[in-house]
Enquirer: 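Sharing a structure, written as structure tokens. Questions coming.
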Amino acid sequence: MKRSKAREKALQAIFQMDVSDVEPKEAVQNVLEEGEKADDFLNNIVFGTMEHREEIDSTLKQHLEKWSLDRLGTVDRTILRMTVYEMKYETEIPVNVSIDEAIELAKVFGDEKSSSFINAVLSKVKTTFEN
């Protein structure tokens, strides 16, 4: 599975977990097509985002100006969480690649303002990891 496809599936799985009481393993299975298998990257994003959610949310809260996590749309919140996970823990992937992929997801799954909002927040988060 290509990483961009894995990110899309991870978004769908994490979204499910955010809106219902679904366990990560079940959520991943729910987003796979028949005969498709989850790869390590997909599992890492889903399980890692959930495992480090408190820390990720704390990082995001520091960079959300005039917003709270609860006020964000579920799609935007999910993209931000999984990308912060990727930026911090998937260290072989350049941070700019993670941000670009997040923007693309926001263009497809978010509203017309999502991509620029995601870009702004993640650009601020990026400075945290550079210092």
Side-chain angles (χ1 to χ4, degrees):
M1 179 179 299
K2 291 185 176 183
R3 284 188 172 164
S4 57
K5 186 70 168 175
R7 285 181 184 95
E8 184 178 313
K9 299 278 186 191
L11 168 61
Q12 294 167 345
I14 296 167
F15 182 96
Q16 274 183 59
M17 292 183 293
D18 201 25
V19 298
S20 63
D21 197 21
V22 177
E23 292 296 318
K25 189 173 185 176
E26 181 183 353
V28 169
Q29 288 302 311
N30 289 342
V31 300
L32 296 174
E33 315 253 331
E34 191 169 328
E36 194 174 38
K37 293 186 180 191
D39 66 4
D40 288 341
F41 186 65
L42 169 57
N43 283 324
N44 288 350
I45 293 175
V46 173
F47 287 88
T49 299
M50 298 317 290
E51 180 181 338
H52 299 284
R53 185 170 157 178
E54 284 183 29
E55 179 186 349
I56 291 167
D57 286 357
S58 175
T59 299
L60 285 170
K61 287 174 186 174
Q62 295 172 31
H63 301 286
L64 288 173
E65 294 177 14
K66 302 175 189 166
W67 286 90
S68 67
L69 277 174
D70 295 341
R71 280 190 59 209
L72 298 181
T74 306
V75 170
D76 291 353
R77 183 173 52 244
T78 301
I79 292 170
L80 288 169
R81 282 178 172 156
M82 61 186 265
T83 305
V84 169
Y85 165 79
E86 187 175 323
M87 292 166 72
K88 184 162 186 174
Y89 295 101
E90 296 291 328
T91 55
E92 79 282 358
I93 300 170
V95 169
N96 287 338
V97 171
S98 299
I99 293 172
D100 289 346
E101 290 286 335
I103 292 166
E104 290 306 311
L105 285 171
K107 288 178 182 176
V108 173
F109 294 99
D111 64 27
E112 67 278 350
K113 295 180 181 178
S114 290
S115 61
S116 51
F117 176 73
I118 296 285
N119 185 29
V121 174
L122 292 176
S123 293
K124 291 176 190 169
V125 170
K126 178 182 171 183
T127 62
T128 303
F129 297 128
E130 291 173 341
N131 296 331

Enquirer: Which residues satisfy the side chain to side chain contact (heavy atoms under 4.5 Å, CB included) test with E23, sequence neighbours excluded?
Expert: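 Once residues adjacent in sequence are excluded, E23 has no partner under the side chain to side chain contact (heavy atoms under 4.5 Å, CB included) criterion.
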
Enquirer: Under the side chain to side chain contact (heavy atoms under 4.5 Å, CB included) test, which residues partner N43, sequence neighbours left out?
Expert: V28, A38, F47

Enquirer: For L42 versus A6, what's the shortest heavy-atom pair and its separation?
Expert: CD1-O, 3.4 Å

Enquirer: Donor-acceptor pairs under 3.5 angstrom involving side-chain atoms of residues 11-18: please list them, not counting sequence neighbours.
Expert:
unit_1	atom_1	unit_2	atom_2	d
Q16	OE1	N30	ND2	2.9
D18	OD2	R77	NE	3.0
D18	OD2	R77	NH2	2.9

Enquirer: Any salt bridge (Lys or Arg N to Asp or Glu O under 4.0 Å) involving residues 65-76? Give me the pairs, sequence neighbours left out, ordered by first then second residue.
Expert: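 Passing the test, one end in residues 65-76: E65-K124.
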
Enquirer: Measuring from atom NZ of K107 to atom OG of S116, what distance do you get when rounded to the nearest 0.5 angstrom?
Expert: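 Those atoms lie 10.0 Å apart.
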
Enquirer: State which residues pass salt bridge (Lys or Arg N to Asp or Glu O under 4.0 Å) with E51; sequence neighbours excluded, sorted by chain then number.
Expert: none

Enquirer: Working to the nearest 0.5 Å, report the span between CG of L60 and CZ of R81.
Expert: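 That separation rounds to 7.5 Å.
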
Enquirer: Which atom names give the shortest non-hydrogen contact between S98 and T83, and what distance separates them?
Expert: O-CG2, 3.7 Å

Enquirer: Linking I/L/V/M/F/W/Y whenever their side-chain heavy atoms sit closer than 4.5 Å, directly or via other members, would V108 and V31 fall into one cluster?
Expert: no

Enquirer: For V84 and L122, what are the C-alpha separation, side-chain angles and deciding distance, and is it a side chain to side chain contact (heavy atoms under 4.5 Å, CB included)?
Expert: CA-CA 8 Å; V84 169; L122 292 176; 4.0 Å; yes

Enquirer: Quick one: CG on D100 to OG on S115, what's the gap to the nearest 0.5 Å?
Expert: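 Output value for this atom pair is 11.5 Å.
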
Enquirer: Check side-chain hydrogen bond (donor to acceptor under 3.5 Å, both in side chains) between S123 and all other residues, then give those that pass, not counting sequence neighbours.
Expert: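 So S123 forms a side-chain hydrogen bond (donor to acceptor under 3.5 Å, both in side chains) with N119.
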
Enquirer: Mind checking side-chain hydrogen bond (donor to acceptor under 3.5 Å, both in side chains) for K61 and listing every partner two or more places apart, or none if nothing turns up?
Expert: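 Per chain and number, K61 pairs via side-chain hydrogen bond (donor to acceptor under 3.5 Å, both in side chains) with no residue.
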
Enquirer: Which residues pass the salt bridge (Lys or Arg N to Asp or Glu O under 4.0 Å) test with E33, sequence neighbours left out?
Expert: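 With neighbours one apart ignored, the set is K9.
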
Enquirer: Same cluster for L64 and I118 if Ile/Leu/Val/Met/Phe/Trp/Tyr side chains link at under 4.5 Å?
Expert: yes

Enquirer: Nearest 0.5 angstrom please: L69 CG to R53 CZ, how far?
Expert: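 Spacing of CG (L69) from CZ (R53) equals 8.5 Å.
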
Enquirer: Carefully, step by step, assess M82 and L105 under the rule side chain to side chain contact (heavy atoms under 4.5 Å, CB included).
Expert: CA-CA 11 Å; M82 61 186 265; L105 285 171; 3.9 Å; yes

Enquirer: Just jot down the ring pair (Phe, Tyr, Trp, His ring centres under 6.0 Å) partners of H63, sequence neighbours excluded, or say none.
Expert: none

Enquirer: Taking it one step at a time, do E55 and K88 satisfy side chain to side chain contact (heavy atoms under 4.5 Å, CB included)?
Expert: CA-CA 11 Å; E55 179 186 349; K88 184 162 186 174; 2.3 Å; yes

Enquirer: Which residues pass the ring pair (Phe, Tyr, Trp, His ring centres under 6.0 Å) test with F117, sequence neighbours left out?
Expert: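 Counting only residues at least two positions away or on another chain, F117 forms a ring pair (Phe, Tyr, Trp, His ring centres under 6.0 Å) with W67.
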
Enquirer: Rounded to the nearest 0.5 Å, what separates atom CD in Q29 from atom NZ in K37?
Expert: 10.0 Å

Enquirer: Side chain to side chain contact (heavy atoms under 4.5 Å, CB included) with E92: which residues, sequence neighbours excluded?
Expert: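 Applying side chain to side chain contact (heavy atoms under 4.5 Å, CB included) to E92 gives R3, E90.
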
Enquirer: Let me see the working for E104 and R7 under side chain to side chain contact (heavy atoms under 4.5 Å, CB included), right down to the final yes or no.
Expert: CA-CA 10 Å; E104 290 306 311; R7 285 181 184 95; over 6 Å; no

Enquirer: Would you say the side chain of N96 lies within less than 4.5 Å of the side chain of K126, judging by non-hydrogen atoms?
Expert: yes

Enquirer: Would you please name every residue forming a side chain to side chain contact (heavy atoms under 4.5 Å, CB included) with K113, sequence neighbours left out?
Expert: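 Partners of K113 under the side chain to side chain contact (heavy atoms under 4.5 Å, CB included) test: D111.
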
